[in-house]
Student: 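Here it is, the structure, as structure tokens.
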There are 2 protein chains.
Amino acid sequence: MTTTKTKILLAEDDENLGLLLKEYLKAKGFETNLFANGELAFRDFVKTQYDICILDIMMPVKDGYTLAKEIRQIDEDIPIIFLTAKSMKEDVIEGFSIGADDYITKPFSMEELLFRIEAILKRTSPDFKTPAPEQYKIGKYVFDTKKQTLQTGDKTIRLTTKESELLKLLCNHQNKILDRNFALKTIWLDDNYFNARSMDVYITKLRKYLKEDDSVEIINVHGKGFKLVM
Amino acid sequence: MTTTKTKILLAEDDENLGLLLKEYLKAKGFETNLFANGELAFRDFVKTQYDICILDIMMPVKDGYTLAKEIRQIDEDIPIIFLTAKSMKEDVIEGFSIGADDYITKPFSMEELLFRIEAILKRTSPDFKTPAPEQYKIGKYVFDTKKQTLQTGDKTIRLTTKESELLKLLCNHQNKILDRNFALKTIWLDDNYFNARSMDVYITKLRKYLKEDDSVEIINVHGKGFKLVM
DNA sequence: TTTTACTGTTAAACAAGGCTAAATGGAAGT
DNA sequence: ACTTCCATTTAGCCTTGTTTAACAGTAAAA
């Protein structure tokens, strides 16, 4: 399987921040090229296929706005996110006028940057690892979230809406803990006692459906939630 | 060409801000419906085709997060922007986790909001924006709303008025939940018990008509409504 | 160990929905 | 007026989805 990594162009003159972001994004599965100024970034942009650009505004040699304008002349559509220390109204306006997709003021958490990147990518590239694909492979099962079915070779199990929503959340967090309260608030909208017990009942149901394949298991993490391991 | 205005759902309990935004957006060519709390906003959401939702987080009766989750259960894809006074890291994370497209902290300039709306809309394919076409493709069927017919290669099924109206509503909300009460009030003008049972009978009829194509299905969402998936 | 908070599972209860057939009632034809 | 036709509603019965209750088991805490 050749899942091409999402390529990010990062133009940031603060070396500390730049490397930190690059490392973080790498850990999150992105391929990031870091450049210390707009000039270097642009020289690479023309020869590399990027999926998204993250540009600091204030940089030596060539600032972020200028860089963005040059990028826009080459590619009208590529997503651009500005990073900046100042949050002056006019600057934000100018950023968006150039055709920015987002404008983030420092300080920001890397997590927020990641979310903002993903929010843009989910609308941009249709094949982007969206947090909610229509089909999941669960061991020898195929779970169709749209049709709410769970197929395994011969038979097809029709799932109810709640079963489907819960399984979807589990798939979404596969091999990670799905927090009880998060799941409750997402599906039941309220994490009271009764809904919690209701959820337990649904976990039992899902386990029954999935018991044909031993490599798949929904395990409980005491006091935290459930984990779909496979 | 009759370009329909982009419809915005705005949930904001601060009446001053709400009306101000509404006026501003109106001047910019948007059609905005303003609601003072999440409950009212949701009640309208199920019966109106919106293009984007702008939700304040802190609202009486039903807060923005809960509203967003309810909206997401009905429509997984509609863009959501959160407005909030607090910019706590965890809140931003929660907002994006629900599937927000942007998260703006007050105070913000209306101009910035406008740019952010446009940044999102330029990435959103306006496929459902074309209002109520005369013909729908439903799997291998062609549904003609005007002639009230359902064609599939060889044969043509004549639909009755009620059958046609219901199917039209379902098509209008395809892959989203068609709210029971909204459908009843729209077609039967009254959501009493008997009309509800009548509607169930019609759902059965439509399912029979559509059973030639497995890729099409009318699934029930318990207590909420029906969803035409394809 | 004892206690307490969680979790697993089953079954009961109830509401909602699926389906079929019969009843209703209006429109059109005789 | 009577009949036929047909869309729609009502009735009835059965199935399913979801929640609640109840009881047993287990992990953590005291």
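So that the names make sense, note that chain A is the first sequence line, chain B the second, and so on, each numbered from 1.
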Student: With sequence neighbours excluded, tell me which residues meet side-chain hydrogen bond (donor to acceptor under 3.5 Å, both in side chains) with B/Gln151.
Tutor: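 side-chain hydrogen bond (donor to acceptor under 3.5 Å, both in side chains) list for B/Gln151, sorted by chain: empty.
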
Student: Map A/Gly223 and A/Lys208 onto DNA chain C by nearest heavy atom, then report which one ends up closer to the 5' terminus.
Tutor: A/Gly223

Student: Here's a test for you: under side chain to side chain contact (heavy atoms under 4.5 Å, CB included), which of B/Ile104, B/Ile57, B/Asp56, B/Asp102 qualifies with B/Phe82?
Tutor: B/Ile57

Student: Does anyone know the first and last nucleotide of DNA chain C in reach of chain B, 5' to 3', at under 4.0 angstrom to a heavy atom?
Tutor: C/dA16 to C/dT20

Student: May I ask you to establish whether B/Lys205 and B/Tyr202 are in a cation-pi arrangement, using a distance under 6.0 Å from NZ or CZ to the six-membered ring centre and at most 45° from the ring axis?
Tutor: yes

Student: Tell me which pairs pass side chain to side chain donor-acceptor pair (under 3.5 Å) where either residue lies in residues 11-26 of chain B, with sequence neighbours left out.
Tutor: B/Glu12-B/Lys106

Student: Provide the full list of side chain to side chain donor-acceptor pair (under 3.5 Å) pairs with a residue in residues 213-223 of chain A, sequence neighbours left out, each pair given once.
Tutor: A/Asp213-A/Ser215

Student: Could you give the CG-to-P distance, from B/Asp190 to D/dT10, as a whole number of Å?
Tutor: 11 Å

Student: Taking protein heavy atoms under 4.0 Å as touching, what does nucleotides 15-30 of chain D look like 5' to 3' if B marks base contact, S marks sugar-phosphate-only contact and - marks none?
Tutor: --SBBBSB----SS--

Student: What residue among A/Leu17, A/Leu19, A/Thr32 forms side chain to side chain contact (heavy atoms under 4.5 Å, CB included) with A/Leu10?
Tutor: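 So, applying the side chain to side chain contact (heavy atoms under 4.5 Å, CB included) to A/Leu10 and each of A/Leu17, A/Leu19, A/Thr32, only A/Thr32 qualifies.
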
Student: Could A/Asp77 and B/Arg123 be called an ion pair, given the rule that one side-chain N must be under 4.0 Å from one carboxylate O?
Tutor: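 Looking at B/Arg123 together with A/Asp77, the answer is yes, because their closest N to O distance falls below 4.0 Å.
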
Student: In chain order, what residues pass the side-chain hydrogen bond (donor to acceptor under 3.5 Å, both in side chains) check against B/Glu94, with sequence neighbours excluded?
Tutor: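 Testing B/Glu94 for side-chain hydrogen bond (donor to acceptor under 3.5 Å, both in side chains), a comparison that skips the adjacent residues, returns none.
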
Student: Could you state the atom-to-atom distance from CE of B/Met199 to C1' of D/dA7 in whole Å?
Tutor: 18 Å

